[in-house]
Amino acid sequence: MNRNAPLLVIAAGGTGGHMFPAQSLAEQMLARGWRVRLSTDARGARYAGGFPAAVEVEELSSATFARGGLIAKAGVPLRIAGGVLAAVGRMMRERPAAVVGFGGYPAIPAMAASTLLKIPRMIHEQNGVLGRVNELFAKKVDRVACGTWPTTLPQGVEGVATGNPVRAAVHERAGAAYIAPGAYPMSILIMGGSQGARILSDVVPEAIAGLRPELLQYVRISHQARPEDLERVTAFYEGKGISADVQPFFHDVPARLSEAQLVITRSGASTVADLSVIGRPAILVPFAAAASDHQTANARGLVEAGAAIMIPENQLTAETLSEQIALVLDNPQGAEQMARAALSQGRPDAAETLADMVEALAERKTEKDK
Ligand SMILES: CC(=O)N[C@H]1[C@@H](OP(=O)(O)OP(=O)(O)OC[C@H]2O[C@@H](n3ccc(=O)[nH]c3=O)[C@H](O)[C@@H]2O)O[C@H](CO)[C@@H](O)[C@@H]1O
């Protein structure tokens with residue numbers, strides 16, 4: 001490794017939602033000859049295996065906190081302070097060229113240290129509403145990159161729409177030709193995000209079974225169900241003579257997406273990004289309990305572009321859903337239009353745009369502290 005190469009510190013943690021986009025930026029920066037260090041905690045470090053081996057991983061102590069202030073729990077401020085001190089010490093020695101935060105509380109120490117040391121820094125928010133840690137730093141960073149557009153930001157903060165970086169297998173299928181619904185086998189992909197969603201297992205099979213027989217005979221189902229729901233969902237489809245592949249997690253979602261005539265799904269940030277980069281019509285059921293209802297915010301772009309129909313959880317019934325599915329499958333031109341509209345929202349260049357922002361930021365040095 002070239003020790004003279006500029007160093008990027010990526011601060012992220014906790015869950016896949018923060019770590020997948022972080023990994024994508026790490027890959028881009030390594031390809032551009034940078035050194036990359038992932039600053040996270042023990043929980044985030046479990047995802048580090050997915051990062052390229054050249055990425056150095058630093059585990060710092062941090063802690064969770066509630067919106068509006070630190071949880072008054074013994075040891076929390078101390079743990080965060082310990083992490084910040086360690087990050088400050090290291091950054092004083094190594095002087096990173098830039099620091100990028102992707103959210104999650106393990107990002108706190110590196111983001112706080114870069115603020116104290118006036119190192120060029122930015123955040124990337126995946127969802128249409130800022131997460132807690134990103135909200136804390138939004139006014140203290142030089143740039144705020146937004147994966148979802150529009151993103152609700154605090155007053156006085158300007159965002160740059162970059163999109164959410166997608167995995168290589170999604171990238172390879174960007175804009176893959178869409179076969180409009182017709183009198184031949186049609187695929188419907190049902191996904192509940194990385195954990196699966198019980199409500200989709202409760203309602204979707206019945207909605208599918210409610211389609212009129214002339215339509216139903218052509219329908220082929222891929223249904224991601226939580227492990228505890230697998231058996232009943234499989235049995236239901238079997239009982240109705242519906243061809244269905246039911247699994248707890250599909251490892252080939254990009255291929256299934258490109259083959260699908262319709263997708264019924266939650267609206268997590270990466271799911272929305274996958275849909276829009278490949279370009280498929282969707283019925284979106286946002287997870288109502290998500291912080292600040294961010295899944296509804298994530299769905300907004302696709303819905304307003306005419307690429308997706310949104311059904312709030314409290315309005316989701318088998319009858320409503322069945323009607324909406326039939327509306328899409330009975331209207332090939334409309335479905336094609338939805339697929340095109342989805343593509344208009346896609347940002348296949350998200351990782352490159354983010355990498356360009358990092359390079360520009362490192363060159364200009366920090367403006368925030370002048
Ligand atoms: C319940 C919850 O709080 N979810 C949050 C979590 O979602 P979640 O962890 O579900 O994250 P996303 O929807 O962003 O990403 C899920 C990814 O898994 C893929 N996939 C899904 C199912 C499957 O069988 N196989 C597969 O590969 C999808 O194509 C997508 O690329 O982090 C997201 C990003 O911060 C948030 O927007 C979500 O609100």
Side-chain angles (χ1 to χ4, degrees), residues 12-24 44 47 50 101-105 107 123-135 145-149 151-152 163-174 188-201 204 221-227 229-230 233 245-260 263-278 280 282 284-302 308 313 342 346-348 350-351:
T15 62
H18 302 302
M19 299 300 264
F20 296 144
Q23 179 185 332
S24 181
Y47 288 87
F102 280 83
Y105 64 86
I123 53 172
H124 176 272
E125 173 56 55
Q126 296 81 57
N127 299 291
V129 179
L130 288 179
R132 290 176 207 158
V133 173
N134 276 347
E135 190 178 28
C146 302
T148 297
W149 198 254
T151 291
T152 311
N164 279 309
V166 294
R167 333 171 230 180
V170 174
H171 212 263
E172 281 160 20
R173 291 171 175 84
I188 303 181
L189 172 61
I190 297 133
M191 287 194 299
S194 53
Q195 313 294 311
R198 158 136 325 144
I199 194 171
L200 298 185
S201 292
V204 180
I221 302 292
S222 294
H223 188 133
Q224 178 212 10
R226 292 171 67 92
D229 298 328
L230 269 188
V233 173
D245 182 1
V246 187
Q247 292 186 35
F249 191 83
F250 293 116
H251 291 280
D252 56 353
V253 158
R256 285 178 198 259
L257 269 175
S258 65
E259 282 159 18
V263 184
I264 302 172
T265 178
R266 288 295 203 193
S267 43
S270 288
T271 302
V272 168
D274 295 348
L275 275 172
S276 54
V277 167
I278 297 180
R280 291 297 176 260
L284 302 174
V285 184
F287 174 51
S292 312
D293 197 17
H294 69 243
Q295 288 212 354
T296 301
N298 292 351
R300 206 166 290 142
L302 286 179
E313 262 182 29
R347 295 297 304 260

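For ligands, and for the atoms within them, numbers begin at 1 and follow the listed sequence.
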| Hey, what do you get for CD (Glu259) to CZ (Arg280), rounding to the nearest 0.5 Å? | 9.5 Å
| query | Would one find an N or O of Phe250, backbone or side chain, under 3.5 Å from an N or O of ligand 1? | reply | yes
| task | Apply salt bridge (Lys or Arg N to Asp or Glu O under 4.0 Å) to Arg266 and list each qualifying residue two or more places apart in sequence or on a separate chain. | result | Glu313
| message | Looking at Gln126 and Ser270, would you say the former's side chain and the latter's main chain have a donor-acceptor pair under 3.5 Å? | response | no
| remark: At under 4.0 Å between heavy atoms, what of Gln195 touches ligand 1? The answer is neither
| remark: Among non-hydrogen protein atoms, atom 14 (O) of ligand 1 lies closest to Ser270 N, 2.7 Å
| Starting from atom 33 (C) of ligand 1, which protein heavy atom do you reach first, and at what distance in Å? | Ala269 N, 4.0 Å
| task | Evaluate the 4.0 Å heavy atom contact test for atom 37 (O) of ligand 1: does a protein atom fall under the cut-off? | result | yes
| task | Just jot down the ligand 1 atoms closer than 4.0 angstrom to any heavy atom of Asn298, in number order. | result | 37 (O)
| query | With a 4.0 Å heavy-atom cut-off (strictly under), which part of Thr15 contacts ligand 1: side chain, backbone, both or neither? | reply | neither
| query | When you measure from atom 16 (C) of ligand 1 to every protein heavy atom, which one gives the shortest distance, and what is it? | reply | Thr271 OG1, 3.8 Å
| query | Nearest protein heavy-atom contact for atom 10 (O) of ligand 1: which residue, which atom, what distance? | reply | Ser194 N, 2.8 Å
| field | atom 29 (O) of ligand 1 [closest protein heavy-atom partner, distance rounded to 0.1 Å] | value | Asp274 OD2, 2.7 Å
| request: Over 60° means perpendicular and under 30° means parallel, so classify the ring planes of Phe102 and His124, tilted if in between. | output: tilted
| said: Counting only nitrogen or oxygen atoms and a 3.5 angstrom limit, does Val253 reach ligand 1? | reply: no
| field | Derivation and outcome, side chain to side chain contact (heavy atoms under 4.5 Å, CB included), residues Arg256 and Val253 | value | CA-CA 5 Å; Arg256 285 178 198 259; Val253 158; 5.5 Å; no
| Protein residue, atom and distance nearest to atom 34 (C) of ligand 1, heavy-atom basis | Gly17 CA, 3.6 Å
| Which pairs, with at least one residue in residues 188-199 and sequence neighbours excluded, count as a salt bridge (charged side-chain N to carboxylate O under 4.0 Å, His left out)? | Arg198-Glu228, Arg198-Asp229
| said: Could you tell me, atom by atom, which parts of ligand 1 come under 4.0 Å of a heavy atom of His294? | reply: 36 (C), 37 (O), 38 (C), 39 (O)
| message | To check you understand the geometry: which heavy-atom pair defines the closest contact between Asn127 and Thr151, and what is its length? | response | O-OG1, 3.6 Å
| note | dist Arg300:CZ -> Gln295:CD (nearest 0.5 Å) comes out at 12.5 Å
| field | Shortest protein contact, atom 35 (O) of ligand 1 (heavy atom only) | value | Asn127 ND2, 3.0 Å
| message | What protein heavy atom lies closest to atom 19 (C) of ligand 1? Include the residue and the distance to one decimal. | response | Arg167 NH2, 3.4 Å
| field | Any N or O of His18 closer than 3.5 Å to N or O of ligand 1 | value | no
| task | Would you check, one step at a time, whether the test salt bridge (charged side-chain N to carboxylate O under 4.0 Å, His left out) holds for Arg167 with Asp274? | result | CA-CA 8 Å; Arg167 333 171 230 180; Asp274 295 348; 3.7 Å; yes
| Taking only heavy atoms of Gly193, which atoms of ligand 1 are found under 4.0 Å from at least one of them? | 10 (O), 21 (C), 22 (C)
| query | Judging by distance only, is a nitrogen or oxygen of Gln295 under 3.5 angstrom from one on ligand 1? | reply | yes
| Any donor and acceptor pair, going by atom type alone, linking the side chain of Arg347 with main-chain N or O of Pro165 inside 3.5 Å? | no
| message | Please give me the minimum heavy-atom distance between Asn298 and Gly268, naming the atom from each residue. | response | ND2-C, 3.8 Å
